[in-house]
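So the structure is just underneath, and the comments pick up after that.
Chain letters run A, B, ... following the sequence lines, proteins first and then strands; every chain starts at 1.
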Amino acid sequence: LWLCNRLMSAYKGVGRTDKSLEVFKWMKEKGTLPDVTSYSQVMDAHNKAGRYTAAVEVFEECLATGQDGDTILFSTAMMAYSRMGDKMAVKRVYESMIDRGMRPNVACSNILINAFSKAGDYRGARRYFDDLPNLGLKPDHRTYSVMLDMASKEGQPEEAEALFREMQSLGLVADATTWGSMVQMYSRQGDLPRVKRWFREMLRSGCHPTVPTFNSLLFAFVKLGMYNECRTVLEVMQQRGMQPS
RNA sequence: UGAUGCCU
């Protein structure tokens, strides 16, 4: 069991989700009963390959074995529904954890918030965010990342700036994703001074921009017809050995 | 040995 789980993890780590599935089938054939970790890994392999329906089927198979599911198993199922764009199903799985007497952690909330945000249900997403303290949970850097992405896409600069400060006041360090949300928001608005200000501040903080971060910067230059600056961004990316998307 | 965030 231990060996199979490690193998599935290793294959998944190098993008060979097909081999993870093979190990899963093989262990069942050999009479080794998969545990919740095994099931979670197979579901995650399906998610990474875009086979969300298959992930859900494995989830149901696991529940049918009568084993007690854990937080990771359920959150992996939530991810499958989230990627399918089915926020209500995400909510159902989340609530089923509570019905079973489980205590969802902040990762579950993050998935839930993101599912609602991606579905355009900003009100619902905010409700789950605001509810965190009542559940005895503290938002983490990913919670803020999700919330900042939402504020950015929604075009709510005052909320985004407030969230950013709140995040920092909690001692959470901004990373390429959170800085990038700020850049993205102002890029979409064509607010070049603020794009520059946030991008520079990111660099000053010692954060290394990633491909999406550069893309947000590019977006502003494209929008403003600044062709030379676009070329420069691409050159910088290439100099850094990055593969533009 | 397993889950959650930004572009594509």
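- With rounding to the nearest 0.5 angstrom, the CE atom of A:M237 is 13.0 Å from the OG1 atom of A:T232.
- A:D131 and A:N134 share a side-chain donor-acceptor pair at under 3.5 Å.
- In the displayed structure, A:D68 atom CG is contacted under 6.0 Å by at most 12 heavy atoms of other residues, nucleotides or ligands.
- A donor-acceptor contact under 3.5 angstrom links the side chains of A:D140 and A:T143, judged on distance only.
- Here A:T177 lies in heavy-atom contact (under 4.0 Å) with a base.
- Residue pairs satisfying the ring pair (Phe, Tyr, Trp, His ring centres under 6.0 Å) criterion with at least one member in residues 41-74 of chain A, sequence neighbours excluded, are listed as follows: A:F59-A:F74.
- With sequence neighbours excluded, the residues forming a side chain to side chain donor-acceptor pair (under 3.5 Å) with A:E154 are A:R126, listed by chain and number.
- Near RNA chain B, meaning a heavy atom under 4.0 Å away, the residues from residues 147-173 of chain A are A:D149, A:K153.
- Nucleic acid contact for A:L73: base, since at least one base atom lies under 4.0 Å from a heavy atom of the residue.
- Within residues 89-116 of chain A, the residues approaching RNA chain B are A:N105, A:A107, A:N110, A:I111, A:N114, by heavy-atom distance under 4.0 Å.
- Partners of A:S245 under the side chain to side chain donor-acceptor pair (under 3.5 Å) rule, at least two apart in sequence or in another chain, are A:N215.
- The local environment of CD in A:Q243 is sparse, with at most 12 non-hydrogen atoms from other residues, nucleotides or ligands closer than 6.0 Å.
- With sequence neighbours excluded, the residues forming a side chain to side chain donor-acceptor pair (under 3.5 Å) with A:Y39 are A:E61, listed by chain and number.
- Within the structure, every pair that satisfies the ring pair (Phe, Tyr, Trp, His ring centres under 6.0 Å) test and touches residues 75-120 of chain A, not counting sequence neighbours, is listed here: A:F116-A:Y128.
- Shown here are the side chain to side chain donor-acceptor pair (under 3.5 Å) partners of A:S38, two or more places apart in sequence or in another chain: A:N5, A:D35.
- Legend: ring pair (Phe, Tyr, Trp, His ring centres under 6.0 Å) pairs involving residues 223-245 of chain A, not counting sequence neighbours: none detected.
- Within residues 21-36 of chain A, the residues that place at least one heavy atom under 4.0 Å from RNA chain B are, in residue-number order, A:V36.
- Base contact: A:S245 has a heavy atom under 4.0 Å from a base atom.
- Nucleotides of RNA chain B lying under 4.0 Å from heavy atoms of chain A occupy a range whose first and last members, 5' to 3', are B:U1 to B:U8.
- Across all strands, A:S181 comes closer than 4.0 Å to no nucleic acid atom at all (heavy-atom distances).
- Look at A:K19 and A:E22 and you find a salt bridge, because one of the NZ, NE, NH1 or NH2 atoms lies within 4.0 Å of a carboxylate O, short of that distance.
- Side-chain contact, A:T178 with A:D175: a donor N or O sits under 3.5 Å from an acceptor N or O.
- Shown for residues 203-233 of chain A: residues whose heavy atoms fall under 4.0 angstrom of RNA chain B, namely A:V211, A:P212, A:N215.
- In this structure, the ring of A:F164 has its center less than 6.0 angstrom from the ring center of A:W179.
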